[in-house]
A.B. asks: 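Structure below; questions to follow.
Ligands are counted one by one from 1 in listed order, and the atoms in each one are counted from 1 as well.
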Amino acid sequence: MCIFQLNGVTKIYNEGKENAVTALHDISLNIEEGELLAIVGESGSGKSTLLHLLGGLDVPTSGEVLYNGKKIKYKSPNWLADYRNCEVGFVLQDFGLLMADTALENVCVPLLFSKSGGLHAARRTAKHALELAGIGNLAKRKAGELSGGQKQRVAIARALANNPNVILADEPTGALDSKTSSEIVSLLMELNQQGKTVVIVTHDLSIAEKCRRVIRLADGVVHI
Ligand SMILES: Nc1ncnc2c1ncn2[C@@H]1O[C@H](COP(=O)(O)OP(=O)(O)OP(=O)(O)O)[C@@H](O)[C@H]1O
Ligand SMILES: [Mg+2]
(Lines give C-alpha, C1' and ligand atoms only; values in the text may rest on other atoms or scores of the structure.)
(Ligands and ions follow the chains in the order given, each with its own letter.)
Protein backbone atom coordinates (compact mmCIF):
# COMPACT_ATOMS: atom_id res chain seq x y z
CA MET A 1 0.00 0.00 0.00
CA CYS A 2 1.24 3.49 -0.86
CA ILE A 3 1.74 5.83 2.03
CA PHE A 4 2.46 8.73 -0.34
CA GLN A 5 1.34 9.20 -3.89
CA LEU A 6 2.43 12.26 -5.86
CA ASN A 7 0.50 12.97 -9.02
CA GLY A 8 1.98 15.55 -11.38
CA VAL A 9 3.39 17.69 -8.59
CA THR A 10 4.96 21.00 -9.55
CA LYS A 11 6.34 23.56 -7.13
CA ILE A 12 7.13 27.06 -8.34
CA TYR A 13 8.40 29.54 -5.79
CA ASN A 14 7.43 33.17 -6.44
CA GLU A 15 5.12 32.11 -9.24
CA GLY A 16 4.39 34.81 -11.79
CA LYS A 17 7.21 37.04 -10.52
CA GLU A 18 10.55 37.83 -12.08
CA ASN A 19 12.31 35.66 -9.51
CA ALA A 20 10.12 32.58 -10.10
CA VAL A 21 11.90 29.23 -9.58
CA THR A 22 10.50 25.87 -10.65
CA ALA A 23 11.83 23.65 -7.85
CA LEU A 24 9.84 20.53 -8.82
CA HIS A 25 8.48 19.81 -12.24
CA ASP A 26 5.56 17.43 -12.79
CA ILE A 27 6.68 14.76 -10.35
CA SER A 28 4.72 11.53 -10.11
CA LEU A 29 5.97 9.12 -7.52
CA ASN A 30 4.73 6.45 -5.11
CA ILE A 31 6.26 5.79 -1.72
CA GLU A 32 5.24 2.50 -0.16
CA GLU A 33 4.36 2.10 3.49
CA GLY A 34 7.41 0.85 5.40
CA GLU A 35 9.89 1.95 2.75
CA LEU A 36 13.41 3.17 3.49
CA LEU A 37 13.94 5.70 0.74
CA ALA A 38 16.87 7.98 -0.01
CA ILE A 39 16.50 11.13 -2.08
CA VAL A 40 19.76 12.31 -3.59
CA GLY A 41 20.66 15.07 -6.02
CA GLU A 42 22.78 18.16 -6.37
CA SER A 43 22.28 21.27 -4.31
CA GLY A 44 19.20 23.09 -5.57
CA SER A 45 17.70 20.02 -7.25
CA GLY A 46 14.52 20.21 -5.15
CA LYS A 47 15.15 17.60 -2.42
CA SER A 48 14.11 19.74 0.55
CA THR A 49 11.16 21.11 -1.41
CA LEU A 50 9.94 17.56 -2.02
CA LEU A 51 10.34 16.67 1.65
CA HIS A 52 8.49 19.84 2.69
CA LEU A 53 5.56 18.96 0.45
CA LEU A 54 5.41 15.44 1.95
CA GLY A 55 5.55 16.91 5.43
CA GLY A 56 2.89 19.54 4.84
CA LEU A 57 5.38 22.36 5.42
CA ASP A 58 4.83 23.82 1.98
CA VAL A 59 2.11 23.72 -0.66
CA PRO A 60 2.44 22.40 -4.23
CA THR A 61 1.70 24.88 -7.01
CA SER A 62 -0.14 22.17 -8.95
CA GLY A 63 -0.72 18.45 -8.76
CA GLU A 64 -1.71 16.52 -5.66
CA VAL A 65 -0.04 14.66 -2.83
CA LEU A 66 -1.98 11.80 -1.24
CA TYR A 67 -1.20 10.44 2.20
CA ASN A 68 -2.73 7.02 2.89
CA GLY A 69 -4.92 7.49 -0.17
CA LYS A 70 -6.29 10.89 0.89
CA LYS A 71 -5.27 14.29 -0.38
CA ILE A 72 -3.14 16.34 1.96
CA LYS A 73 -5.36 19.29 2.89
CA TYR A 74 -2.86 22.08 2.30
CA LYS A 75 -5.61 24.67 2.69
CA SER A 76 -6.75 23.54 6.11
CA PRO A 77 -4.48 24.90 8.88
CA ASN A 78 -6.07 22.67 11.52
CA TRP A 79 -5.73 19.52 9.45
CA LEU A 80 -2.13 20.43 8.59
CA ALA A 81 -1.19 21.17 12.19
CA ASP A 82 -2.48 17.76 13.23
CA TYR A 83 -0.80 16.04 10.29
CA ARG A 84 2.57 17.69 10.97
CA ASN A 85 2.39 16.93 14.64
CA CYS A 86 1.14 13.35 14.61
CA GLU A 87 1.56 11.65 11.23
CA VAL A 88 5.07 12.77 10.24
CA GLY A 89 8.22 13.52 12.20
CA PHE A 90 10.87 15.86 10.80
CA VAL A 91 14.62 15.55 11.42
CA LEU A 92 16.82 18.40 10.19
CA GLN A 93 20.52 18.86 9.55
CA ASP A 94 20.88 21.56 12.22
CA PHE A 95 18.74 19.68 14.76
CA GLY A 96 16.32 22.59 15.39
CA LEU A 97 16.42 22.10 19.16
CA LEU A 98 15.77 24.57 21.96
CA MET A 99 19.36 24.61 23.13
CA ALA A 100 18.72 26.13 26.58
CA ASP A 101 16.19 23.41 27.40
CA THR A 102 16.83 19.83 28.44
CA ALA A 103 16.61 16.87 26.08
CA LEU A 104 13.39 15.81 27.80
CA GLU A 105 11.83 19.27 27.50
CA ASN A 106 12.66 19.36 23.79
CA VAL A 107 10.93 16.04 23.21
CA CYS A 108 7.91 17.19 25.24
CA VAL A 109 7.24 20.11 22.87
CA PRO A 110 5.29 18.22 20.15
CA LEU A 111 3.49 16.24 22.86
CA LEU A 112 2.16 19.38 24.50
CA PHE A 113 0.66 20.41 21.14
CA SER A 114 -1.17 17.12 20.83
CA LYS A 115 -3.79 15.39 22.91
CA SER A 116 -1.26 13.62 25.07
CA GLY A 117 -3.01 13.92 28.41
CA GLY A 118 -1.05 16.61 30.20
CA LEU A 119 2.49 17.29 31.33
CA HIS A 120 2.98 14.15 33.39
CA ALA A 121 2.00 11.85 30.52
CA ALA A 122 4.05 13.95 28.09
CA ARG A 123 7.17 13.55 30.21
CA ARG A 124 6.67 9.79 30.42
CA THR A 125 6.18 9.51 26.65
CA ALA A 126 9.17 11.78 26.00
CA LYS A 127 11.37 9.62 28.22
CA HIS A 128 10.30 6.56 26.26
CA ALA A 129 11.13 8.33 22.95
CA LEU A 130 14.58 9.24 24.28
CA GLU A 131 15.11 5.58 25.18
CA LEU A 132 14.08 4.52 21.66
CA ALA A 133 16.68 6.97 20.35
CA GLY A 134 19.28 5.40 22.65
CA ILE A 135 19.75 8.36 25.01
CA GLY A 136 17.38 7.78 27.91
CA ASN A 137 20.34 8.62 30.18
CA LEU A 138 20.65 12.16 28.76
CA ALA A 139 17.07 13.28 29.53
CA LYS A 140 18.10 15.96 32.02
CA ARG A 141 21.04 17.38 30.05
CA LYS A 142 20.67 20.72 28.28
CA ALA A 143 20.46 20.22 24.52
CA GLY A 144 23.10 22.91 23.91
CA GLU A 145 25.62 20.95 25.97
CA LEU A 146 25.29 17.71 24.00
CA SER A 147 27.52 16.46 21.17
CA GLY A 148 26.28 16.69 17.56
CA GLY A 149 25.33 13.02 17.46
CA GLN A 150 23.55 13.26 20.80
CA LYS A 151 21.68 16.37 19.62
CA GLN A 152 20.53 14.50 16.52
CA ARG A 153 19.28 11.66 18.70
CA VAL A 154 17.26 14.19 20.71
CA ALA A 155 15.84 15.51 17.43
CA ILE A 156 14.96 11.96 16.38
CA ALA A 157 13.32 11.34 19.76
CA ARG A 158 11.32 14.53 19.28
CA ALA A 159 10.30 13.37 15.80
CA LEU A 160 9.15 10.07 17.35
CA ALA A 161 7.29 11.60 20.26
CA ASN A 162 3.79 11.34 18.81
CA ASN A 163 4.55 7.93 17.28
CA PRO A 164 4.28 9.10 13.64
CA ASN A 165 4.04 6.71 10.71
CA VAL A 166 6.70 8.57 8.76
CA ILE A 167 10.13 10.03 9.53
CA LEU A 168 11.28 12.70 7.06
CA ALA A 169 14.98 13.45 7.50
CA ASP A 170 16.62 16.31 5.61
CA GLU A 171 20.41 15.83 5.60
CA PRO A 172 20.24 14.32 9.09
CA THR A 173 23.98 13.63 9.12
CA GLY A 174 25.14 16.79 7.37
CA ALA A 175 26.63 18.23 10.55
CA LEU A 176 28.18 15.00 11.83
CA ASP A 177 31.46 13.11 11.38
CA SER A 178 31.37 9.83 9.49
CA LYS A 179 31.28 7.51 12.51
CA THR A 180 28.47 9.47 14.18
CA SER A 181 26.68 9.69 10.82
CA SER A 182 26.63 5.95 10.46
CA GLU A 183 25.26 5.56 14.01
CA ILE A 184 22.43 7.98 13.20
CA VAL A 185 21.69 6.15 9.94
CA SER A 186 21.65 2.84 11.84
CA LEU A 187 19.10 4.33 14.23
CA LEU A 188 16.92 5.48 11.32
CA MET A 189 17.23 2.00 9.79
CA GLU A 190 16.18 0.41 13.10
CA LEU A 191 13.11 2.65 13.20
CA ASN A 192 12.34 1.58 9.64
CA GLN A 193 12.62 -2.07 10.67
CA GLN A 194 10.14 -1.34 13.44
CA GLY A 195 7.66 -0.29 10.76
CA LYS A 196 8.16 3.42 10.16
CA THR A 197 8.38 4.74 6.64
CA VAL A 198 11.68 6.64 6.49
CA VAL A 199 12.66 9.16 3.81
CA ILE A 200 16.23 10.47 4.00
CA VAL A 201 17.50 13.36 1.92
CA THR A 202 21.26 13.07 1.67
CA HIS A 203 24.33 14.15 -0.27
CA ASP A 204 26.17 11.17 1.11
CA LEU A 205 26.12 8.25 -1.32
CA SER A 206 27.35 5.83 1.33
CA ILE A 207 24.13 6.56 3.24
CA ALA A 208 21.99 6.29 0.12
CA GLU A 209 23.51 2.88 -0.62
CA LYS A 210 22.14 1.57 2.68
CA CYS A 211 18.59 2.49 1.69
CA ARG A 212 16.39 0.03 -0.14
CA ARG A 213 15.47 2.55 -2.81
CA VAL A 214 17.19 5.67 -4.09
CA ILE A 215 15.55 8.48 -6.02
CA ARG A 216 17.72 10.99 -7.80
CA LEU A 217 16.46 14.49 -8.39
CA ALA A 218 18.01 16.74 -11.03
CA ASP A 219 16.57 20.19 -11.70
CA GLY A 220 13.26 19.28 -10.11
CA VAL A 221 12.78 16.08 -12.11
CA VAL A 222 13.09 12.47 -10.87
CA HIS A 223 15.75 10.28 -12.47
CA ILE A 224 15.50 6.74 -11.13
N1 LIG B 1 11.58 29.65 -0.10
C2 LIG B 1 12.08 29.68 -1.33
N3 LIG B 1 11.87 30.74 -2.13
C4 LIG B 1 12.36 30.77 -3.38
N5 LIG B 1 13.09 29.80 -3.95
C6 LIG B 1 13.34 28.71 -3.19
C7 LIG B 1 12.87 28.61 -1.85
N8 LIG B 1 13.27 27.42 -1.35
C9 LIG B 1 13.98 26.82 -2.33
N10 LIG B 1 14.03 27.59 -3.45
C11 LIG B 1 14.68 27.26 -4.72
O12 LIG B 1 14.14 26.03 -5.18
C13 LIG B 1 15.17 25.20 -5.73
C14 LIG B 1 15.20 23.89 -4.98
O15 LIG B 1 15.60 24.15 -3.65
P16 LIG B 1 15.72 23.02 -2.52
O17 LIG B 1 15.97 23.70 -1.24
O18 LIG B 1 14.55 22.13 -2.61
O19 LIG B 1 17.02 22.25 -3.03
P20 LIG B 1 17.87 21.08 -2.33
O21 LIG B 1 17.98 19.98 -3.33
O22 LIG B 1 17.27 20.76 -1.00
O23 LIG B 1 19.29 21.76 -2.15
P24 LIG B 1 20.41 21.54 -0.99
O25 LIG B 1 21.06 20.22 -1.27
O26 LIG B 1 21.34 22.69 -1.20
O27 LIG B 1 19.72 21.60 0.34
C28 LIG B 1 16.45 26.00 -5.63
O29 LIG B 1 16.67 26.64 -6.87
C30 LIG B 1 16.16 27.02 -4.55
O31 LIG B 1 16.88 28.21 -4.75
MG1 LIG C 1 17.98 20.95 0.94
A.B. asks: When you compare the side chains of Ser114 and Asn162, does any donor N or O come within less than 3.5 Å of an acceptor on the partner?
C.D. replies: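 Checked: Ser114/Asn162 side chains pair up, N/O donor to acceptor below 3.5 Å.
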A.B. asks: Going by the order shown, which atoms of ligand 1 are within less than 4.0 Å of some heavy atom of His203?
C.D. replies: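 This gives 25 (O) as the contact atoms.
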A.B. asks: Name the residue from Ile39, Leu188, Leu36 that meets the side chain to side chain contact (heavy atoms under 4.5 Å, CB included) definition with Cys211.
C.D. replies: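 The single option meeting the side chain to side chain contact (heavy atoms under 4.5 Å, CB included) with Cys211 is Leu36.
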A.B. asks: Between ligand 1 and Gly41, can you find any atom pair, the residue atom being a heavy atom, that is separated by under 4.0 Å?
C.D. replies: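 No; Gly41 lies far enough from ligand 1 that no heavy-atom distance drops under 4.0 Å.
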A.B. asks: Would you call Arg213 and Glu35 a salt bridge, taking side-chain N to carboxylate O under 4.0 Å as the test?
C.D. replies: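 Judged by the 4.0 Å cut-off on N to carboxylate O distance, Arg213 and Glu35 do form a salt bridge.
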A.B. asks: Any salt bridge between Asp58 and Lys11, counting N to O under 4.0 Å?
C.D. replies: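 Answer for the salt bridge query: yes.
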A.B. asks: Atom CG of Asn30 and atom CG of Leu37: how far apart are they, to the nearest 0.5 Å?
C.D. replies: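 It is 11.5 Å, given to the nearest 0.5 Å.
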A.B. asks: Asn163: which residues meet the side-chain contact (heavy atoms from CB on, under 4.5 Å) condition with it, sequence neighbours left out?
C.D. replies: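 Once residues adjacent in sequence are excluded, the partners of Asn163 under the side-chain contact (heavy atoms from CB on, under 4.5 Å) criterion are Lys196.
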A.B. asks: Which protein heavy atom lies closest to atom 26 (O) of ligand 1, and at what distance to 0.1 Å?
C.D. replies: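 Its nearest protein heavy-atom neighbour is Ser43 OG, 2.6 Å.
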A.B. asks: Below 4.0 Å from any atom of ligand 1, is there a heavy atom belonging to Lys11?
C.D. replies: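 So Lys11 does not count as touching ligand 1.
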A.B. asks: Could a heavy atom of His52 be found less than 4.0 Å from some atom of ligand 1?
C.D. replies: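 No, His52 has no heavy atoms under 4.0 Å from ligand 1.
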A.B. asks: Which of the numbered atoms in ligand 1 are under 4.0 angstrom from any heavy atom belonging to Ser45?
C.D. replies: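 Numbered from 1, ligand 1 contributes 19 (O), 21 (O).
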A.B. asks: Can a side-chain donor-acceptor contact be found between Asn165 and Tyr67 if the only test is distance below 3.5 angstrom?
C.D. replies: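 Their side chains do contain a donor-acceptor pair, which is all the 3.5 Å distance test asks for.
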A.B. asks: Using a strict cut-off of 4.0 Å, indicate which atoms of ligand 1 neighbour a heavy atom of Ala23.
C.D. replies: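 Those of ligand 1 that fall under 4.0 Å from Ala23 are 12 (O), 13 (C), 14 (C).
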A.B. asks: So, applying side chain to side chain contact (heavy atoms under 4.5 Å, CB included) with Leu6, which one of Leu24, Leu54, Leu53 is it?
C.D. replies: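 Going through Leu24, Leu54, Leu53 one by one, the side chain to side chain contact (heavy atoms under 4.5 Å, CB included) with Leu6 is satisfied by Leu54 alone.
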A.B. asks: Which residue supplies the protein heavy atom nearest to atom 23 (O) of ligand 1, what is that atom called, and how far is it?
C.D. replies: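 Minimum-distance protein heavy atom for atom 23 (O) of ligand 1 reads Gly44 N, 2.8 Å.
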A.B. asks: Just which atoms of ligand 1 are under 4.0 Å from any heavy atom in Glu42?
C.D. replies: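 Numbered from 1, ligand 1 contributes 21 (O).
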A.B. asks: For Val222 and Ile27, run side chain to side chain contact (heavy atoms under 4.5 Å, CB included): C-alpha distance rounded to whole Å, both residues' side-chain angles, the deciding distance at 0.1 Å, then the answer.
C.D. replies: CA-CA 7 Å; Val222 175; Ile27 298 230; 3.6 Å; yes
A.B. asks: Quick check: does Ser48 get an N/O under 3.5 Å from an N/O on ligand 1?
C.D. replies: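 Yes, since at least one N or O of Ser48 sits under 3.5 Å from an N or O of ligand 1.
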A.B. asks: Looking only at protein heavy atoms, which one is nearest to atom 25 (O) of ligand 1, and what is the separation?
C.D. replies: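 Going by distance alone, atom 25 (O) of ligand 1 is nearest to Lys47 NZ, 2.7 Å.
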A.B. asks: Connecting only ILVMFWY residues whose side-chain heavy atoms lie within less than 4.5 Å of each other, what is the rest of Val221's hydrophobic cluster?
C.D. replies: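 Answer for Val221: none, a lone residue.
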A.B. asks: So is there a nitrogen or oxygen of Val21 less than 3.5 Å from a nitrogen or oxygen in ligand 1?
C.D. replies: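 By distance alone, the answer is no.
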A.B. asks: What are the two closest heavy atoms between Thr197 and Glu32, and how far apart are they?
C.D. replies: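 Result for this residue pair: CG2-O, 3.8 Å.
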A.B. asks: For atom 6 (C) of ligand 1, what is the nearest protein heavy atom, given as residue, atom name and distance?
C.D. replies: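 Minimum-distance protein heavy atom for atom 6 (C) of ligand 1 reads Tyr13 CD1, 3.2 Å.
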A.B. asks: Give me the number of protein N, O or S atoms whose distance to the Mg ion (ligand 2) is under 2.8 Å.
C.D. replies: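 Step by step: take the Mg ion (ligand 2), keep protein N, O, S below 2.8 Å, and you get 1.
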A.B. asks: With the threshold set strictly below 4.0 angstrom, can you tell me whether any protein non-hydrogen atom sits that near atom 31 (O) of ligand 1?
C.D. replies: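 Protein heavy atoms within 4.0 Å of atom 31 (O) of ligand 1 - there are none.
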A.B. asks: Of all the heavy-atom pairs spanning Gly148 and Leu176, show the shortest one and how long it is.
C.D. replies: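 Where Gly148 meets Leu176 most closely, the heavy atoms are C-CD2, 3.4 Å.
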A.B. asks: Which residue pairs pass the ring pair (Phe, Tyr, Trp, His ring centres under 6.0 Å) test with at least one member in residues 186-224, sequence neighbours excluded?
C.D. replies: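 Listed once each, the pairs would be none.
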A.B. asks: Side chain, backbone, both or neither: which part of Glu171 comes within less than 4.0 Å of ligand 1 when only heavy atoms are counted?
C.D. replies: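 Neither part.
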A.B. asks: Are a donor atom and an acceptor atom from the side chains of Thr10 and Asp26 found within less than 3.5 Å of each other?
C.D. replies: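 On atom types as modelled, these side chains do not qualify, holding no pair under 3.5 Å.
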A.B. asks: Record the part of Asn14 in heavy-atom contact with ligand 1 below 4.0 Å; permitted values are side chain, backbone, both and neither.
C.D. replies: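 Side chain only.
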A.B. asks: Which residue from Leu51, Thr49, Val201 reaches closest to atom 15 (O) of ligand 1 through any of its heavy atoms?
C.D. replies: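 Checking each option, the heavy atom nearest atom 15 (O) of ligand 1 is found in Thr49.
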